[in-house]
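Residue numbering restarts at 1 for every chain, and letters A, B, ... go by the order of the sequence lines.
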2 protein chains.
Amino acid sequence: MTDYLPHPPVEYIALPAVLTALGDETRLAIIAILARNGERAMTCGQFLQFGSKTAISYHVAKLREAGIIHVRPEGTKRLLTLRRSDLESRFPGFLDTVIASTAATLPYNSPDMPEAAQFAGE
Amino acid sequence: MTDYLPHPPVEYIALPAVLTALGDETRLAIIAILARNGERAMTCGQFLQFGSKTAISYHVAKLREAGIIHVRPEGTKRLLTLRRSDLESRFPGFLDTVIASTAATLPYNSPDMPEAAQFAGE
DNA sequence: CTTAATGTTCAATGATCCTTGAACTAATGA
DNA sequence: TCATTAGTTCAAGGATCATTGAACATTAAG
C-alpha cells in the first residue's frame, strides 16, 4: 500500500508551529544540513549522528507535521526534502534567514559536515 | 534599589532559544504589536487582552530571557522594547521576516489592534 | 498614612516535550 | 526462505511548559 504520509497543505502551514518545530537544536541541525544539500533528498539514516533511530524518527515527524519538510517513502527508506518553495511563498525570506543564522550559531555546525551549495543562494 | 533585570548580551542570544520563545501565539502576538509600535515602549498592562497579569509576566520574562525584548522598570511599570538592532546584527533579516509573516497568519491579528508604522520599514 | 496601580513570586496542576528500549513492519538481497 | 536494512510504534520516564489564584512588593497619588 503506497502509504503516503500526511503533510499540511501550504495554506495550513502555521508560523507558531514552524517556529516551535525549529526551536530545537536537533531539528535545526537537520534542516540546516538539508538546506546545505541543495535539492538532493536525504534519508533519516543520514542524521543518526544527532540521535537514535527513534529520536530521529520523532523529530522528522515533527518537521513534517509542521510543514517544513516533505517525506516520501522509497523502498525501506524515507526521502526527506525541505519544502523550500512552500515556505518561501507562505513566509517570504523566513527560511533563508533561519538557515543563514544557523551557520553562525549551531553547535552541530562542525567542520565534518557535508558542504554543499550555499544556502540562501538558490 | 534600581533593580535591573537580567538580559543576555547580544553575543549570547541563541537561535534555538529565540525560535522557541517565538513559537507561542501569545508571545508572537506581543512582539508583533511591539514591532508595529515602532520605537515606542509598551507596558505589560497593554497586553492583558492576551492573558492574566501572571501569564503576561511569564511570557514577558521568556521573551526577555531569550534576548528578544528589553525590559526597563519605570515607576511601577515595565517598559518593553524589541531588541531590534541586537537581533538584526545577530540574525540578519530574521526578525523582519517573522514580523512580516505574523501579519498574514496570526489569529490575534484582529482589526482592533493598534495600527502603527509598518514593520520592516524602519 | 492609606489606597490604588502595576507587576512579581510561589505552589499547584495538567499538558506537552524529548529520550529510551523493546517490539514491530516493510522492503531488499543472498 | 532467511537475514538485513531502514524506519515506526508503543509505553514509560523525567523535564519543561503554560495557566491559575493567592500573596506579595513597589511606586504613585490623594
Side-chain angles (χ1 to χ4, degrees), chain A residues 1-7 14 16-31 33-34 40-66 68-81 106-108, chain B residues 1-7 14 16-31 33-34 40-66 68-81 106-108:
Chain A
M1 173 163 165
T2 334
D3 180 39
Y4 284 107
L5 299 157
H7 294 81
V18 168
L19 290 164
T20 297
L22 294 179
D24 174 276
E25 296 203 356
T26 299
R27 294 192 292 262
L28 210 42
I30 291 173
I31 67 106
I33 293 181
L34 276 174
R40 281 158 296 179
M42 299 183 71
T43 67
C44 293
Q46 295 184 264
F47 299 103
L48 290 178
Q49 49 182 162
F50 301 131
S52 64
K53 275 194 310 180
T54 309
I56 299 304
S57 183
Y58 169 78
H59 288 302
V60 163
K62 287 277 176 184
L63 290 168
R64 173 178 53 76
E65 288 160 8
I68 298 170
I69 67 176
H70 187 266
V71 184
R72 172 166 54 97
E74 183 150 304
T76 114
K77 305 189 178 183
R78 302 288 180 271
L79 297 186
L80 316 180
T81 49
L106 264 196
Y108 288 142
Chain B
M1 174 164 168
T2 333
D3 180 39
Y4 284 105
L5 298 158
H7 294 80
V18 167
L19 291 164
T20 297
L22 294 179
D24 174 276
E25 295 204 356
T26 299
R27 294 193 291 262
L28 210 43
I30 290 174
I31 68 106
I33 292 181
L34 276 174
R40 281 157 296 178
M42 297 183 71
T43 67
C44 294
Q46 295 184 265
F47 299 102
L48 291 179
Q49 48 183 164
F50 301 130
S52 64
K53 276 194 308 181
T54 307
I56 299 304
S57 183
Y58 169 78
H59 288 301
V60 163
K62 288 277 175 184
L63 289 168
R64 173 178 53 76
E65 289 159 9
I68 299 170
I69 67 175
H70 187 266
V71 184
R72 172 167 52 97
E74 183 150 306
T76 114
K77 304 187 178 183
R78 302 288 181 270
L79 298 186
L80 316 181
T81 50
L106 265 195
Y108 288 144

Atom CG of B/L48 and atom P of C/dG7 are separated, to the nearest Å, by 7 Å
B/M42 CE to C/dG7 P, in whole Å, measures 11 Å
Per-nt protein contacts along nucleotides 17-25 of chain C (heavy atom under 4.0 Å; B base, S backbone sugar-phosphate only, - none) come out as SBBBBB---
To the nearest angstrom, the CD1-C1' distance between A/I56 and D/dA6 comes to 13 Å
A/E74 CD to C/dA26 C1', in whole Å, measures 14 Å
Taken to the nearest whole Å, CG/B/L80 to C1'/C/dG7 is 11 Å
Applied to residues 69-81 of chain A, the salt bridge (charged side-chain N to carboxylate O under 4.0 Å, His left out) test, sequence neighbours excluded, yields A/R72-A/E74
For B/A66, the side-chain contact (heavy atoms from CB on, under 4.5 Å) test, sequence neighbours excluded, returns B/A21, B/I68
Fill in: Presence of B/S57 side-chain N/O under 4.0 Å of C/dT8 phosphate oxygens OP1/OP2
yes
d(B/T20 OG1, A/E25 CD) to nearest 0.5 Å is 9.0 Å
The helix from C/dC1-D/dG30 to C/dC17-D/dG14: angle between terminal helix axes, five bp per end, to the nearest 10 degrees, reads 20°
note: B/L5, atom CG; C/dT6, atom C1'; distance rounded to Å ~ 14 Å
Residues passing the side chain to side chain donor-acceptor pair (under 3.5 Å) test with B/H7, sequence neighbours excluded, are none
Taken in chain and number order and not counting sequence neighbours, the residues that satisfy side-chain contact (heavy atoms from CB on, under 4.5 Å) with A/A41 are A/L79, A/T81
Value for CG (B/L80) from CD1 (B/I30), rounded to nearest 0.5 Å, stands at 8.0 Å
So side chain to side chain donor-acceptor pair (under 3.5 Å) across residues 51-63 of chain A, not counting sequence neighbours, yields A/R27-A/H59
Between CZ of B/F47 and C1' of C/dT6 the distance, given in whole Å, is 15 Å
Here the distance between atom P of D/dT5 and atom CZ of A/R78, to the nearest Å, is 17 Å
Sequence neighbours excluded, the answer for side chain to side chain donor-acceptor pair (under 3.5 Å) partners of B/H70 is none
Here the gap from B/I31 atom CD1 to B/I69 atom CD1, rounded to the nearest 0.5 Å, amounts to 10.0 Å
